[in-house]
Engineer: 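Would you mind keeping the following structure in view while I ask a few things?
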Amino acid sequence: MTRHYLFMCQPDHGHVIPHLAVVAELVGRGNRVTYITAPAMAAKVAGAGATVVCYDSAYQSVDLRKLEDDPLSLLSLFLDESAAVLRAAAQVRERPDVIVYDISILHAGRILARAWGLPATQLIPVFASNEHFSYLSSIYGGEDTAGDLPAWVDDMLARTRELALAHGVTEDPAELWWQVQDSNVVTLPRSFQFAGDTFDERFAFVGPCLGERAFLAGG
């Protein structure tokens, strides 16, 4: 049985490109893929066989290096991207069977899956997090990852709640943000993952998903 998959990702090469071989394989097996991303990635995504739905993104107009020491601004940017992706999802005329979302816009993926009552899979091209290891805490929590959460977390939770309620989702924003998802595909080998032996069957460590990449020729 063929299915309709809805992929969603912000326009970052390091996040979109790992998806393309998966998209091409799904399409090659007779499935349909709709992919929400920004115009900067539209040609690459279409080349993998997906139908592209574009949204206006602020991501590529921001110098991310200037936000490295400002987690509230950086995560606010990601939340703004999720809000824009959710607006674009309203343009998808036929409901998909499965939602596949990149971790960079986890708010959009998790809210949409709940709003539409659909199964979802999270794609993770970086280190994954579970109950034993937090990638976010390892970046912003220093050596003491078990300490109190930074003050900016309250601001992000409030904005997450606002976005969720706008789409009819009343779940606790902390669960939307931190709850370990039931289906995760990690494009790293398990041996590369911190605390890799603590990750259970909810995580598939598939390693790099490599396909035809002629679009990279010539830089």
Side-chain angles (χ1 to χ4, degrees), residues 2-65 67 74-75 77-113 118 120-128 135 181 183-189 192 204-219:
T2 60
R3 292 185 174 185
H4 179 201
Y5 294 83
L6 177 62
F7 276 64
M8 305 188 299
C9 189
Q10 66 183 29
D12 186 300
H13 282 78
H15 288 262
V16 173
I17 289 178
H19 304 172
L20 298 183
V22 179
V23 170
E25 182 66 20
L26 288 172
V27 172
R29 296 186 182 191
N31 299 285
R32 293 189 298 118
V33 176
T34 300
Y35 199 120
I36 299 176
T37 192
M41 290 294 175
K44 295 178 177 62
V45 170
T51 298
V52 185
V53 174
C54 288
Y55 74 95
D56 292 330
S57 169
Y59 181 79
Q60 290 188 316
S61 64
V62 175
D63 186 349
L64 297 179
R65 291 172 297 182
L67 300 182
L74 180 61
L75 294 173
L77 173 64
F78 293 157
L79 190 58
D80 288 341
E81 289 290 300
S82 279
V85 168
L86 287 169
R87 290 192 293 270
Q91 303 173 32
V92 179
R93 295 183 179 180
E94 183 179 345
R95 286 283 173 91
D97 299 298
V98 181
I99 294 172
V100 185
Y101 63 94
D102 187 82
I103 194 171
S104 61
I105 52 163
L106 61 88
H107 299 91
R110 297 175 185 182
I111 289 171
L112 190 63
L118 292 175
T121 290
Q122 180 174 244
L123 297 178
I124 307 175
V126 293
F127 296 113
Y135 185 37
Q181 303 302 291
S183 177
N184 304 272
V185 175
V186 188
T187 51
L188 295 173
F192 285 15
F205 289 89
V206 300
C209 297
L210 303 178
E212 193 278 325
R213 296 190 176 190
F215 58 84
L216 294 177

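Each residue takes its place number in the sequence, starting with 1. These values consider heavy atoms only, across backbone and side chains, with no hydrogens, waters or symmetry-generated copies.
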Engineer: On a heavy-atom basis, which atom in Leu112 and which in Ala89 lie closest, and how many Å separate them?
Structural biologist: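 In this case the closest contact between Leu112 and Ala89 is CD2-CB, 3.9 Å.
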Engineer: State, yes or no, whether a side-chain contact exists between Leu118 and Asp97 at a heavy-atom distance under 4.5 Å.
Structural biologist: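 No, side chains not in contact.
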Engineer: Which residue, Val16, Val53, Leu6, Thr51, forms the side-chain contact (heavy atoms from CB on, under 4.5 Å) with Tyr35?
Structural biologist: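 Exactly one candidate clears the test, Val16.
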Engineer: Can a donor-acceptor pair be found, under 3.5 Å and without considering hydrogens, that links the side chain of Thr2 to the backbone of Asn31?
Structural biologist: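 Checking the backbone N and O of Asn31 against the side chain of Thr2, no donor-acceptor pair under 3.5 Å is found.
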Engineer: With the side chain counted from C-beta on, respond yes when Leu20 and Val45 share a heavy-atom pair under 4.5 Å apart, and no when they do not.
Structural biologist: yes
Engineer: Roughly how far, to the nearest 0.5 Å, is NE2 of His15 from OH of Tyr59?
Structural biologist: 5.5 Å
Engineer: For the residue pair Cys54 and Ala88, what are the closest heavy atoms and their distance?
Structural biologist: O-CB, 4.2 Å
Engineer: Quick one: pull up NE2 in His19 and CE in Met8 and give me the separation to the nearest 0.5 Å.
Structural biologist: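 One gets 11.0 Å once the value is rounded to the nearest 0.5 Å.
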Engineer: Tell me if a side-chain donor or acceptor on Thr37 pairs with a main-chain N or O of Cys9 at a distance below 3.5 Å.
Structural biologist: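 Side chain of Thr37 to backbone of Cys9, a donor-acceptor pair under 3.5 Å: yes, one is there.
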Engineer: Testing the basics here: between Pro18 and Thr187, what is the closest heavy-atom pair and its distance to 0.1 Å?
Structural biologist: CB-OG1, 4.3 Å
Engineer: Would the distance check show the side chain of Glu81 and the main-chain N or O of Ala58 forming a donor-acceptor pair, the cut-off being under 3.5 Å?
Structural biologist: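 Side chain of Glu81 to backbone of Ala58, a donor-acceptor pair under 3.5 Å: yes, one is there.
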Engineer: Mind checking whether Leu123 and Val100 have side chains closer than 4.5 Å, heavy atoms only?
Structural biologist: yes
Engineer: Taking the side chain as every heavy atom from C-beta outward, state whether Phe7 and Pro96 have any atom pair closer than 4.5 Å.
Structural biologist: no
Engineer: Distance check, rounded to the nearest 0.5 Å: Leu86 atom CG versus His107 atom NE2?
Structural biologist: 10.5 Å
Engineer: Would a 4.5 Å heavy-atom cut-off, applied to side chains only, mark Tyr55 and Arg87 as touching?
Structural biologist: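 No; the side chains remain at least 4.5 Å from each other.
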Engineer: What pair of heavy atoms forms the shortest contact from Ala21 to Cys209, and how long is it?
Structural biologist: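 That would be CB-O, 3.6 Å.
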Engineer: With a 4.5 Å heavy-atom cut-off, do Tyr135 and Ile103 have their side chains touching?
Structural biologist: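 They are not in contact (no side-chain heavy atoms under 4.5 Å apart), so the answer is no.
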Engineer: Return the OG to CD1 distance between Ser57 and Ile36, rounded to the nearest 0.5 Å.
Structural biologist: 13.0 Å
Engineer: Could you tell me whether the side chain of Ile124 reaches within less than 4.5 Å of the side chain of Val126, counting heavy atoms only?
Structural biologist: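 Contact flag for Val126/Ile124 side chains = yes.
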Engineer: Measuring from His4:NE2 to Thr34:OG1, what's the distance to the nearest 0.5 Å?
Structural biologist: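 So the NE2 of His4 and the OG1 of Thr34 are separated by 3.0 Å.
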Engineer: To the nearest 0.5 angstrom, please state how far the OH atom of Tyr5 sits from the CZ atom of Arg32.
Structural biologist: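 With rounding to 0.5 Å, OH (Tyr5) is 12.0 Å from CZ (Arg32).
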